[in-house]
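In what follows, every heavy atom counts, from backbone to side chain, and hydrogens, waters and symmetry copies are set aside. To find a chain, count down the sequence lines: A is the first, B the second, and so on, and within it residues start at 1. None of these values were measured; they are calculated from a predicted model.
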Amino acid sequence: MSVEPADYLPEILLLIRDFVMKTRHPLGMNTKQCDWCREVSDKVSEESRTLIYGGCLYNVMGFTHKLSSVLGIIMKEPTKEARLKILRRLRFLSSISRKILKESREYTGIPVMALEILDKLGYEVRCLNEEPYSGALLYDLGFWNELKEYGSWLTQFFKERGVERIIVLDPHTYDLFAHVYPEMMSDFDFEIINFIDIILEEVKTGKLSLSLNEKTIVTYHDPCHYSRSPHRRIIDEPREILNSIEGVELREPSNTKNLSECCGGPLEFIFPFLSEEVAKMRFNELMNTGAKYIVTACPICQLNFYRAAKKHKESKIIDIIELVYHGMRRWR
Amino acid sequence: MALKGEFKRIWGRYAAEMRTAIKDKTFRTGVSRATKSYEEGITPLLERFKESSTLAEEVRRIKEKAIENIEDLIKMAERSFTEKGIKVYLAKDADEAKQIIGKIVGSGKIIVKSKSITTEEIHLREYLIEQGNEVWETDLGEFIIQIAKERPMHLVTPAMHVPRERVARLLKELFKRSYDPNDIPELVKAVSDFLREKYFTADVGIIGANAIAAKDGCVVLIHNEGNIRMVTCIPNKLIIVAGIEKIVPTLEDAFKVVYITARYAEYKVAGYFDVIAGPKTISLPSGERVSSVGPSEIHLILLDNGRSRMINDPLFKEAAYCLRCGACMYSCPVFKITAGKFGGPVYMGGIGVIWTYFVHGPEYAIPGAYSCLIDGRCYERCPMKIDTPRMIKELRARYASGEAFRG
C-alpha cells in the first residue's frame, strides 16, 4: 500500500508549496501585489546591475497582519482541513482587491525606506515592480525538490534582467541566497549583500551619521537566522549600528545574542496557538528591559511581536531599517 | 487530498495534547519553574567548572569513534560481560527485548526499577504488569509519573510538570492521609518509606545504563537519590536494559561520558556514581565463589530497535551521540511551553523527534517534525553539539519527497 505526502502532510503545508510553485507568492496571490518598488520608481537606476530585493516578504507580512483574524480562524487546527480546501478552490486570496485590503504600511514601507537610504548614500540600484518570492518557505518545510526547481527558475529570472549583485533585507532571504541556493545551483553566482553590512560600513566610514531627536531606550531582538545561523552569524553588526545612533541606549534582554529566544514565527501557520505563546514569552522578556522600542531585523519577528503586543499600548516594534531611516540627519 | 486514517489520528491527538498543555495552568507552572531554574543555573555552573566544554568535546570524539565501531564494541562487550558472569542478550527490537525479560522475570514477582527512557521506549513496565507482576518506579519523579498515570515530560526531571500541590493530592489518594504541599521533605519521606518496603521484598531489580564499558565489562550509572543502589544491591535478580549506543570502549571513557551527562543536566556532581561489574560474590578460601547479598544473577539486554538504521544513516548518525542530559529540552522555546508534548510518543523535544523516526516509526515523528522552530537553542546548549535543527529539516525533506515511507 503506497503512501503519499498528501496522506500525512496537513493541507496548509501542501497549500503553501503549491502556491509558491504556481503563483511565486506564498499566499497564492499575484506577484503584481509585490510592488513596493513602484513607490520609489523615481529613485531607481534602471541600468544598474545591483538589485535591492525584498522577496515580497514585507508585502506578505503586511497582508498577513491585516488578515490575522481571518487567517486565524482558517488555520486554527492542522487537522481541520475543509476550510483550507475552500481557499485552494476559490483562490480566494488572489482575488482580494487591493482597494478593499491594502497591506499594512508598517511593513511595506520598509523596503521603500531601504531604497531611499541607499539613494541618499549615493548607491545606484534598481528594484523589481513585481517581486517573486524568494522560496525560503520551501527550504524550511523540506520541499527541496520543489526548491531546486524554483531556485533554477529564479536564477534565470534574475539573469534575464542582467542582475549581478543582490542586496537583501531579511534573514530568511539572506540565508537562502548567500548559502543555500549557491550550494544547490552553480549558476546562482550573484554577489549577495546584506543591507545591514552596507549600513555598518557607511557608519564606520563616518558617511552615515545617525541621531534621534530624543533619548530613546531600545532593545534588540536577534533573529534566529542571524544569531544562530549555521553559515554566518550576524550578531555584533546590528548592535554596532544601534550603538552608533546618538540618543540610543541599547539594553539587552536576559536571553540574548546566540542564546536569544525565538519569536515563534516558524510555527505560525501550523500551530498558531503555540506560535502565539512563544511570541508572548519573548515579547514579555523584551519589554522587561524597560525599552520603548523593540528593534527587529526580520518582518516575521515583527509581525509576531505585533500580535503579542496587542494589549500593550506602550510598546513599539520597529525594524532596524526604519530606525536607521529616522536617524539619518547628516551625511557627507 | 487529505490526511488519511492513522495519520489523521496521530495529528489530531498531537494537536489536542499541545492545546491542552498550553491551557493547563498547573502544567505550565511546573514546566516554567523547572526550565527557569535550569536557564538561571547552567551558565554560572559551566563558568565555575570551566573545563566542562573541553571535556565535552573529548566525549564527542569518544562517541563518534564508538558509534563508528559499534559492531566490534558489541562483540567486545559480549565477551567481557560474559567472562564476569553477566548474561548478555542482543534484542533486535522491542518485542524481542520484552520476551527475553519476561522469561527472566516470570510472573507474580515484585519488581523495583530505576528511571530509564529505554524501558519507556519498549513499554516494559506495562508489559511486566500485564504478565502479572507488581512493578514500582523508584526514582521519585518516575514514581509520581507512575501514580499519576502519565508519561514522563523530561529525561532528568520526568515530573517537572507536576507541581507540589498535585503531588500532595496524588499521595493523599495513595496513602490515605493529608500532606502539606509545601513540606517537600515530608512528601519525599512518604514515598521513600513506601519504597523501602518494596526494595526489601522485591525479587527483581531493573535498571538502565548511562554508559557501558566494552573492554572492562562494566555498566556506569549516575543518580541523585540513591535509588539505583537499592535496586541493584537487594533483589536477587538484576536486569540491565540499554541501547547499543551506550557502549564506549573503556571504563575511563564511560566515566567521562557520565560526568558530562551529569554536568550538562545541571549537576555540580551527581549524588551517586555506580559501577556494576558482576554479580555479588564472596571468595571462599577454597577458591569457590558463592553469591552474597545482592543479585546472584545479572542480565544485560542490549537493545537495537532501530538504532542500527539510525547509525548507518550518515545524515542522522549524530543523533546516536545523545547523552540524555536533557539540556536541549530545558533550552527549547517550544519545550518551555509544552514540555514533552513536543516530540514523539516517548522521546521528547527535537532530538526526540529524530529518535522517534527510527525507534517507533516515521509516522509517529511527523507532527513533532513540524513543531520545531528550527531556532537552534538546543544546539547552543548540547554538550555533544548535535545539530538537531539540521536533522529536523532533513526529516521534513524525507516526508516532503515521500522517501520516509519508501523501502
Side-chain angles (χ1 to χ4, degrees), chain A residues 1-15 17-18 76-82 84-85 88 138-147 223-225 227-230 254-255 257-267 269-271 273-282, chain B residues 1-16 18-19 21-23 28 32 39-40 43 331-334 336-338 341-342 362-363 366-367 369-381 387 389-390 392-406:
Chain A
M1 201 201 80
S2 73
V3 162
E4 277 177 17
D7 298 332
Y8 52 79
L9 290 182
E11 184 72 8
I12 185 67
L13 299 181
L14 304 170
L15 208 62
R17 176 196 66 188
D18 296 344
K76 219 164 132 166
E77 289 262 359
T79 49
K80 291 204 162 71
E81 300 173 296
L84 286 169
K85 290 210 189 66
R88 192 190 278 275
L138 295 175
Y139 176 61
D140 288 342
L141 296 176
F143 293 113
W144 293 354
N145 292 328
E146 290 82 353
L147 180 71
C224 298
H225 276 64
S227 64
R228 285 185 290 275
S229 166
S254 29
N255 287 302
K257 299 189 184 177
N258 68 310
L259 283 173
S260 296
E261 293 278 3
C262 183
C263 73
L267 289 177
F269 40 83
I270 187 83
F271 289 115
F273 50 87
L274 175 59
S275 174
E276 262 173 51
E277 287 299 315
V278 175
K280 235 190 267 177
M281 278 179 63
R282 178 56 170 177
Chain B
M1 289 199 258
L3 288 174
K4 287 214 179 96
E6 187 59 25
F7 295 117
K8 186 161 188 172
R9 277 188 287 277
I10 291 172
W11 271 102
R13 268 197 304 262
Y14 189 92
M18 279 265 195
R19 256 190 197 287
I22 288 170
K23 291 200 208 127
R28 296 288 299 271
S32 188
E39 286 278 358
E40 283 167 5
T43 310
S331 309
C332 169
V334 175
K336 287 180 194 195
I337 294 165
T338 64
K341 306 286 184 181
F342 164 35
E363 64 273 29
I366 303 175
Y370 292 95
S371 312
C372 174
L373 288 164
I374 321 266
D375 62 280
R377 267 183 128 250
C378 52
Y379 172 84
E380 289 307 294
R381 287 256 170 80
D387 196 346
R390 175 191 67 78
I392 295 280
K393 281 192 275 220
E394 294 283 354
L395 273 194
R396 290 178 183 183
R398 296 229 172 145
Y399 289 127
S401 65
E403 199 188 322
F405 294 99
R406 279 198 290 269

> Please state whether the side chain, the backbone, both or neither of B:R13 comes within less than 4.5 Å of a heavy atom of chain A.
neither
> For residues A:D140 and B:I374, determine if any side-chain heavy atom of one lies less than 4.5 Å from a side-chain heavy atom of the other.
no
> Under a 4.5 Å cut-off applied to non-hydrogen side-chain atoms, are A:W144 and B:K393 in contact?
yes
> Roughly how far, to the nearest 0.5 Å, is CG of B:D375 from SG of A:C263?
9.5 Å
> For a 4.5 angstrom cut-off between non-hydrogen side-chain atoms, does A:V3 reach B:E363?
no
> Can you tell which part of A:S227 gets under 4.5 Å to a heavy atom of chain B, answering side chain, backbone, both or neither?
neither
> Using non-hydrogen atoms and a 4.5 Å limit, figure out which bit of A:E4 sits close to chain B: side chain, backbone, both or neither.
neither
> Could you have a look at B:G376, B:S371, B:C372, B:A404 and say which one has the most heavy-atom pairs with chain A under 4.5 angstrom?
B:S371
> Let me know if A:I270 has heavy atoms under 4.5 Å from chain B in its side chain, its backbone, both or neither.
side chain
> Would you please name every residue forming a salt bridge (charged side-chain N to carboxylate O under 4.0 Å, His left out) with B:K341, sequence neighbours left out?
B:E17
> When rounded to the nearest 0.5 angstrom, what is the spacing between CZ in B:R377 and CZ in A:R228?
6.5 Å
> Select one option (side chain, backbone, both, neither) describing which atoms of B:I366 are under 4.5 Å from chain A's heavy atoms.
side chain
> Has B:R396 got a side-chain atom pairing as donor or acceptor with A:F143's backbone, closer than 3.5 angstrom?
no
> How far apart are the closest heavy atoms of B:G402 and A:P5, and which atoms are they?
N-CG, 4.1 Å
> Run the ring-ring contact (aromatic ring centres under 6.0 Å, His included) test against B:F7 and tell me which residues pass, sequence neighbours left out.
A:Y8, B:F405
> Tell me, side chain or backbone of A:L13 under 4.5 Å from chain B's heavy atoms, or both, or neither?
side chain
> Could you check which of A:L147, A:L274, A:N145 has the highest count of heavy-atom pairs closer than 4.5 Å to chain B?
A:L274
> Return the CG to CD distance between A:N258 and B:E380, rounded to the nearest 0.5 Å.
4.5 Å
> Roughly how far, to the nearest 0.5 Å, is the OH atom of B:Y370 from the CD1 atom of A:I12?
13.0 Å
> Write down the atom of A:G142, the atom of B:A400, and the distance for their closest heavy-atom approach.
O-CB, 3.2 Å
> Select one option (side chain, backbone, both, neither) describing which atoms of B:Y14 are under 4.5 Å from chain A's heavy atoms.
side chain
> Among B:E6, B:R390, B:E39, B:K336, who wins on heavy-atom pairs under 4.5 Å with chain A?
B:K336
